[in-house]
Amino acid sequence: MKKWNRWDWDGQRPYRRHGAGQRSWYRSNRQRSTPDEQWSGRNAETSPRANHWRRDNQTTSSSSSSSSSSTASSSSSSQSSNTVAPELPGFYFDPEKNRYFRLLPGHNNCNPLTTEQLQEKEREKERNKMLAEDENPQKKAPRAGLNMSLLLQKRHLGLLPENSYCRRVHEVKVSAMRRHKLEIQSTDNSSPNTDNFRLIVGDSTSERVFTVNDVSHGGCKYGIMNFSSSSSSSRGSLSVEMCDNLYFTNRKVNSICWASVNYPDSHVLLCLVGVADTPGCVSLLPASLFSNSNPDQPGMLCSFKISSAWSCAWCLHPQFDKTFSTGLSRRVIVKDAETGRTQTYSTGSDVLAQQFALRAPVLFNGCRSGEIFSFDLRQRGRRDQSWKASRFHQESAITSVRVLQDENYLLAADMLGQIKLWDVRVTKPVREYKGHYNEHAHLPVHVSESEGLLLAVGQDCYTRLWSLKDGHLLRTIPSPHATANHLIPSVVFSSKLGGSRGLPGLLMAVKHDLYYFPYNTDYQHGGERPDRPSGKE
């Protein structure tokens with residue numbers, strides 16, 4: 001008869017008896033085990049069949065134990081090397097403080113921690129990192145071996161085709177652009193500009209830029225800035241001066257374009273949205289109206305009562321050189337500024353973007369429905385849709401259309417962030433420029449065909465530059481100020497900023513500051529370089 005003593009407190013049995021004889025032993029590995037393990041081990045030792053099975057499977061168990069031990073060691077090493085904490089629903093892990101924080105939904109909590117705040121914090125870190133890289137004087141090239149001397153050498157040896165060579169040269173120049181802050185000169189130096197820029201539009205020669213600023217007490221103000229450039233040896237500088245007269249309005253400016261009434265860029269065409277008892281209108285203002293230095297102002301100063309105007313465009317064709325168009329809700333109005341003759345075209349959606357072609361009096365329109373269509377001014381309006389010369393669609397609301405010098409091609413941007421190059425003859429997209437970000441904003445695109453560049457500012461406040469020929473993204477420029485929906489930068493790019501002898505580069509207006517990014521010229525900055533912002537505005 002076998003007699004078993006009871007288990008001690010740590011689950012070990014010190015000895016056992018075999019009949020009258022006693023034999024005691026201790027565990028060799030001195031490890032704790034559970035009563036279930038001891039029970040299975042006792043049965044295995046006392047049963048002959050269990051002993052036979054254990055001898056047959058000794059090799060298999062040893063190999064499996066070795067493999068499990070190796071797996072455990074590898075998993076422990078991977079856990080030690082991987083420092084990323086697991087995601088828990090409703091919690092956020094802060095790697096700096098090494099602890100979890102609860103995400104509090106709603107707006108009634110004190111200093112709630114939300115997913116949107118965390119995403120915004122990560123975006124600010126990325127923006128400040130990009131700003132630091134841009135300000136580094138030893139900034140690395142975007143790709144290995146991308147420098148002018150090496151590209152020229154490969155071009156002479158015939159190792160680079162012309163298209164690739166031009167694109168990479170522009171990529172080198174774009175990557176070398178550095179930010180310089182411009183001081184806006186004014187006759188009234190006692191009142192610096194403290195109103196945020198909302199929109200800037202340059203004329204055809206880039207000597208003047210029309211500006212629209214949001215006013216803190218409501219409404220906006222608008223005026224003209226004059227640019228001039230000076231060069232000494234191989235270095236140049238850029239200066240900007242604000243005109244004397246600034247005009248204020250309690251209405252919102254939806255769209256701006258320069259108009260050539262008496263001479264090129266003699267006027268400015270504004271679309272003003274009505275508020276309360278003040279109706280909306282389209283105003284044609286002489287550019288000299290904004291300066292007191294020239295008392296002889298052109299006589300063309302008129303305003304047309306047109307409500308809810310989304311866009312406007314001026315025709316430069318000699319046959320219709322006094323004609324402009326406005327895009328409204330479900331219709332397009334084409335009007336002669338001198339005679340007042342009006343022609344109306346009914347559409348199925350709001351017209352958000354417009355531009356005239358140069359060689360033919362053809363107007364291209366982009367609608368909220370995603371439709372892009374064109375019509376010839378020489379045709380009379382018809383009740384049906386047969387007056388549309390071409391018609392094609394994108395997936396979302398069109399925010400900007402740009403006709404290239406080869407008027408068979410059209411650029412269109414929408415509210416899904418898609419920018420496509422269309423062949424108007426076959427109404428098919430031939431190229432797409434990826435990386436633009438837009439969800440619901442009315443944002444324009446800019447084209448500089450002399451430099452082969454396409455520019456667009458996204459709703460994330462990043463300015464992106466693409467190669468116009470192949471759609472390659474050349475550079476992404478972060479905003480100098482913190483990202484916000486009301487602080488989206490407005491830009492102007494010109495190969496001759498400041499006149500015929502001007503400097504090529506990018507002009508950026510954000511918040512109440514003006515910045516210049518020289519393109520391919522050594523820039524002589526007049527003042528001190530601004531410090532890198534901390535991200536807190």
Side-chain angles (χ1 to χ4, degrees), residues 198-213 220-227 240-249 251-274 279-307 309-328 332-343 353-358 361 363 377 402-403 444 446 490 492 494 497-500 507:
R198 185 175 178 269
L199 189 63
I200 60 173
V201 179
D203 62 1
S204 58
T205 60
S206 299
E207 292 183 358
R208 295 170 299 173
V209 172
F210 193 86
T211 66
V212 178
N213 296 68
C220 60
K221 68 178 182 180
Y222 48 86
I224 292 179
M225 293 188 301
N226 293 323
F227 286 82
V240 54
E241 181 181 2
M242 178 64 75
C243 291
D244 301 333
N245 290 341
L246 295 176
Y247 284 79
F248 294 81
T249 179
R251 293 176 289 187
K252 178 183 177 182
V253 178
N254 249 0
S255 181
I256 305 171
C257 71
W258 287 87
S260 301
V261 179
N262 300 332
Y263 51 88
D265 304 324
S266 61
H267 289 66
V268 180
L269 189 65
L270 298 174
C271 291
L272 301 175
V273 181
C281 67
V282 176
S283 298
L284 188 61
L285 307 177
S288 59
L289 186 67
F290 298 91
S291 178
N292 292 331
S293 59
N294 186 10
D296 299 330
Q297 298 178 2
M300 180 65 68
L301 177 61
C302 54
S303 180
F304 307 92
K305 292 183 179 180
I306 301 176
S307 60
W310 291 103
S311 58
C312 62
W314 186 268
C315 184
L316 297 177
H317 191 269
Q319 188 177 352
F320 299 89
D321 58 346
K322 300 295 189 297
T323 302
F324 69 91
S325 68
T326 55
L328 310 178
V332 174
I333 292 180
V334 178
K335 183 180 286 289
D336 191 296
E338 286 186 338
T339 63
R341 180 178 175 272
T342 303
Q343 196 168 357
Q354 291 182 314
Q355 191 182 17
F356 279 98
L358 295 178
L363 177 63
L377 299 185
R402 288 291 179 267
V403 185
H446 310 271
S490 182
V492 170
S494 175
L497 188 62
S500 58
L507 188 68

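Just so you know, residue 1 is the first one in the sequence shown, and it goes up from there.
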Q: How many angstroms lie between atom OG of Ser255 and atom CG of Leu199, to the nearest 0.5 angstrom?
A: 8.0 Å
Q: Could you check whether any side-chain heavy atom of Ile256 comes within less than 4.5 Å of a side-chain heavy atom of Val268, counting everything from C-beta outward?
A: yes
Q: Do Arg198 side-chain atoms and Val253 backbone N/O form a donor-acceptor pair below 3.5 Å?
A: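 Side chain of Arg198 to backbone of Val253: a pair is present.
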Q: Between Ser283 and Leu270, is there a donor-acceptor pair closer than 3.5 Å when you use the side chain of the first and the backbone of the second?
A: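 Checking the backbone N and O of Leu270 against the side chain of Ser283, no donor-acceptor pair under 3.5 Å is found.
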Q: What distance do Arg208 atom CZ and Asp203 atom CG have between them, rounded to the nearest 0.5 Å?
A: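 Answer rounded to 0.5 Å: 5.0 Å.
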Q: Any donor and acceptor pair, going by atom type alone, linking the side chain of Asp336 with main-chain N or O of Arg341 inside 3.5 Å?
A: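 Side chain of Asp336 to backbone of Arg341: no pair is present.
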Q: Does the side chain of Val261 come within less than 4.5 Å of Trp314's, by heavy atoms?
A: yes
Q: Taking the side chain as every heavy atom from C-beta outward, state whether Asp265 and Glu207 have any pair of such atoms under 4.5 Å apart.
A: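 Sidechains of Glu207 and Asp265: no contact.
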Q: Using 0.5 Å steps for rounding, measure from the CG atom of Leu363 to the CZ atom of Phe320.
A: 11.5 Å
Q: So Val273 and Arg251, do their side chains get closer than 4.5 Å, heavy atoms only?
A: no
Q: Under a 4.5 Å cut-off applied to non-hydrogen side-chain atoms, are Thr249 and Cys220 in contact?
A: yes
Q: Classify the ring geometry of Tyr222 against Tyr247: parallel below 30°, tilted from 30° to 60°, perpendicular beyond 60°.
A: parallel
Q: Treating Trp258 as the side-chain partner and Val201 as the backbone partner, does any N or O pair qualify as donor plus acceptor under 3.5 Å?
A: yes
Q: For the backbone of Cys315 and the side chain of Thr323, can you confirm whether one donor and one acceptor N or O come within less than 3.5 Å of each other?
A: no
Q: Roughly how far apart are Ser206 OG and Leu497 CG, rounded to 0.5 Å?
A: 6.0 Å
Q: Quick one: sort the Phe304 and Phe324 rings into parallel, tilted or perpendicular, breaks at 30° and 60°.
A: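 Ring orientation of Phe304 relative to Phe324: tilted.
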Q: List for me each residue that meets side-chain hydrogen bond (donor to acceptor under 3.5 Å, both in side chains) alongside Lys252, sequence neighbours excluded, and say none if there are none.
A: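 Scan of Lys252 (side-chain hydrogen bond (donor to acceptor under 3.5 Å, both in side chains), adjacent residues dropped) gives none.
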Q: Kindly compute the distance separating SG (Cys257) from NE2 (His267), expressed to the nearest 0.5 Å.
A: 12.5 Å
Q: Set out, in order, the CA-CA distance, both residues' side-chain angles and the distance that settles side-chain contact (heavy atoms from CB on, under 4.5 Å) for Val282 and Lys335, then state yes or no.
A: CA-CA 11 Å; Val282 176; Lys335 183 180 286 289; over 6 Å; no
Q: Are Asn226 and Cys243 side-chain neighbours, meaning at least one heavy-atom pair lies under 4.5 Å?
A: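 Yes, side chains in contact.
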Q: Check whether any side-chain heavy atom of Gln354 lies under 4.5 Å from a side-chain heavy atom of Val332, and answer yes or no.
A: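 Yes. Closest side-chain heavy atoms under 4.5 Å.
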Q: With no hydrogens and no angle check, is any side-chain donor or acceptor of Ser266 less than 3.5 Å from a backbone partner on Ser260?
A: no
